[in-house]
Amino acid sequence: MLTKLKLPVLFFIFAITLTTTGRAQDGKVFSGKISSASPEATKAGIAILEKGGNAIDAAIAVSLALGVSEPAGSGIAGQTVMLIHPGKGKKPFVIHGTTWSPRHLPAGITKEQLKSGRTATTVPSTPKVLDLAYRKFASGKVTWKELVQPAIEIATNGFTVGPFRQKAFHFYGDSLKPDKTASNIFVKADGTAFQVGEIVKQHKVAKLLTRIATVGAEDFYSGEIARKIADDMQKNGGWITLEDLQDFPEPKIVSPLVGSYRGHKVFTLPPPFGGWVMLQILNVLEQSDQDGLSQDNDQRRLRLLDAMRIAHGTRQHDPVDSFTDYEQDISQKISKETAKLLLQGYRKETGGETTHFSVVDGTGMTVAVTQSIDSYFGAKVAHPEYGFLYNNYMQSFRLTDDNSPYVLKPFEMPYSSMSSTIVTHSDSPVLVLGSPGSARIISAVAQVVSHWIDVQHGVKHAVDAYRVHVVADNQAYVEGPTIGNDLLQGLAQKSYVLKRPKYGVSDSQYDPYFGGVHALGFQKGVWEGAADPRRDGLVGTAWQKVTASPQSTAKSGARPN
């Protein structure tokens, strides 16, 4: 059963799960729920669940399908990070899918080189992450080829442009025109943008995915695909070499950060990602009484803005010391005591893209996945033979050495705002979410978590509620067609400077600038899903026949032949 939601998404969060009762309906048993940023990706995941796949299987299929059907937000040459909770009483973990800067960087690098073109590209992690997830955590009931096939079909037959994706094509189409391959795929032959209802096909990407389905994801790093990427880089001034691809490390499996909020545990991503900033926002909010946050009104928005100003300011002025040796520093930053001190010392006078999806399956496993090529359409250039867009994560590095881990170095992780999150209560997952949107990811996730717990109107209301965001130290962004007098007065009293987004992809009510949260919440004994109205998302539910037998004899961890 598929439920169409309002608008598209550049980041996607996909989720699947079984009710705790495992109840059957009309001879079928509930086997999962998905919320992702495109209808095509949601349907791909539903099909895998109904074949008997688990949350990891479905996540792989959704990841690949989303990269094809929402190309402005993610793709095979980007970064994917998975937060996985195996189920009640078990320990969650992260597949740490950071990308890495090339090992050999020239002198005199400029900011412009890091924004677009092949010099803006870090070595992608997505194929490695999906391959590791399949080998170590897949169900064994669905083959690798079956997981890749939906994305191949979407690339071959095309996806139907939705309202959000149309805005992305319209607003960013001109930036793709200098690159012949990208322009031929994502801009119409007459130079105009694709319109709602039109079909976008990607035959070159289909060729790439067909090879990955046949010979495996490792070909991206050490086989024919890798050699052709290295050749393209060499011919067009890029810095990634065959050595960079061959030496790309297997993603690490690490522990998530863990915090708490009003009796719930909150698990999220460690550095270089933005989870610690999100936890600090929640810690500051928790210092306020819940009644002051229980209504979706101007008072709540002002408290959200104050908490965001503190946490985003901490990230800006007191960043983490290290992306690898961070335990002591992060422990202090996300402590309740630090939140109290920040409030006491707080002086009141004082374009990125991505996608996210979340998964819960019949075993109780939940998966929150955020993936990205960084900016809208990444580096704005595509591989001439395989048609995939390169990422532009190099722009996340700083060129000036400020003794932080954000400085550009060879073989270094880029700083990221990804904040995939799973909330638990009594050791069971109850909320799975994440968002795209650069630093707005952190703000979006924190306020949806707070809304779900404090306002208690359900996951759909939490996702649909108008959002706010702060750019350190005092720039306030407020969503919605109008701003009330009480909010305006509060902003003035607290010395905020009111700003409006200028990204050109909003409608009169919702603005993708404020993220694209695709979430699942466990409510009244069942999992409910919400697709962000700021995107082209879709929520779907998977059902299996009670007497269904396994449809595949694939062995878990088996590589394609």
Side-chain angles (χ1 to χ4, degrees), residues 1-2 14-36 40-66 80 82-88 90 92-93 95 127 129-154 209-210 212-218 253 357-369 429 432 520 527 540-561:
M1 178 175 62
L2 296 171
F14 141 98
I16 308 165
T17 198
L18 175 66
T19 59
T20 54
T21 61
R23 68 189 67 165
Q25 183 180 86
D26 297 328
K28 297 180 180 180
V29 65
F30 174 72
S31 59
K33 203 171 201 69
I34 300 173
S35 175
S36 89
E40 296 83 4
T42 294
K43 292 174 183 177
I46 290 293
I48 295 302
L49 289 175
E50 293 184 343
K51 285 184 177 182
N54 66 7
I56 295 293
D57 294 318
I60 293 167
V62 172
S63 172
L64 292 167
L66 198 56
T80 296
M82 291 186 171
L83 171 61
I84 300 165
H85 196 301
K88 183 176 177 62
K90 299 179 181 179
F93 58 93
I95 301 180
V129 169
L130 301 184
D131 179 64
L132 183 147
Y134 179 73
R135 288 186 287 109
K136 293 196 173 185
F137 306 110
S139 68
K141 297 180 180 179
V142 188
T143 66
W144 173 258
K145 288 183 180 180
E146 289 177 291
L147 299 181
V148 183
Q149 188 59 35
I152 295 173
E153 293 176 0
I154 296 168
L209 292 172
T210 299
I212 287 175
T214 304
V215 303
E218 191 57 36
I253 297 174
F357 66 94
S358 303
V359 184
V360 184
D361 68 16
T363 69
M365 177 187 288
T366 56
V367 183
V369 181
V432 189
L520 297 178
W527 283 94
T541 305
W543 300 88
Q544 285 182 286
K545 291 182 180 180
V546 175
T547 58
S549 59
Q551 298 184 24
S552 172
T553 58
K555 293 182 179 179
S556 178
R559 288 180 173 275
N561 295 320

### Any side-chain heavy-atom pair of F137 and N54 under 4.5 Å
no

### Task
Compare all side-chain heavy atoms of V148 with those of Y134 and state whether any distance is below 4.5 angstrom.
no

### Query
Roughly how far, to the nearest 0.5 Å, is OG1 of T210 from NZ of K145?
10.5 Å

### Message
Applying side-chain contact (heavy atoms from CB on, under 4.5 Å) to M82 and L130, what does each step give before you reach the verdict?
### Response
CA-CA 9 Å; M82 291 186 171; L130 301 184; 3.8 Å; yes

### Query
Hey, are the side chains of I95 and L132 touching, using non-hydrogen atoms and a 4.5 Å cut-off?
yes

### Task
Considering non-hydrogen atoms only, spot the tightest contact between V62 and S36 and give its length.
CG1-CB, 4.1 Å

### Separation of T214 OG1 from I152 CD1 (nearest 0.5 Å)
7.0 Å

#### Entry: Separation of E218 CD from R135 CZ (nearest 0.5 Å)
8.0 Å

### Query
Do any N or O atoms from the side chain of S63 and from the backbone of A59 form a donor-acceptor pair under 3.5 angstrom?
no

### For M365 against I56, the heavy-atom pair lying closest together
SD-CG1, 3.7 Å

### Least distance between heavy atoms, A217 atom then P127 atom
CB-O, 3.6 Å

### Message
Using side-chain heavy atoms (C-beta onward) and a distance below 4.5 Å, is T541 in contact with W527?
### Response
no

### Task
Take the angle between the ring planes of W543 and F30 and call it parallel below 30°, perpendicular above 60°, tilted in between.
perpendicular

### Message
If you count every heavy atom of other residues, nucleotides or ligands that lies below 6.0 Å from K88 atom NZ, does the total exceed 12?
### Response
yes

#### Entry: Rounded distance [0.5 Å steps], NZ in K51 versus CD1 in I46
13.5 Å

### Message
If I compare all heavy atoms of A542 with all of E50, which pair ends up nearest, and what's the gap?
### Response
CA-OE2, 3.5 Å

### Query
Between T42 and I34, is there a donor-acceptor pair closer than 3.5 Å when you use the side chain of the first and the backbone of the second?
no

### Message
Looking at every non-hydrogen atom in both residues, tell me the closest pair between D57 and A138 and how far apart they are.
### Response
OD1-CB, 3.2 Å

## Note on the structure
Interatomic distance, CD1@I60 vs CG@D131, rounded to 0.5 Å, equals 8.5 Å

#### Entry: Where Q544 and S31 come nearest, the two heavy atoms and their spacing
OE1-CB, 3.5 Å

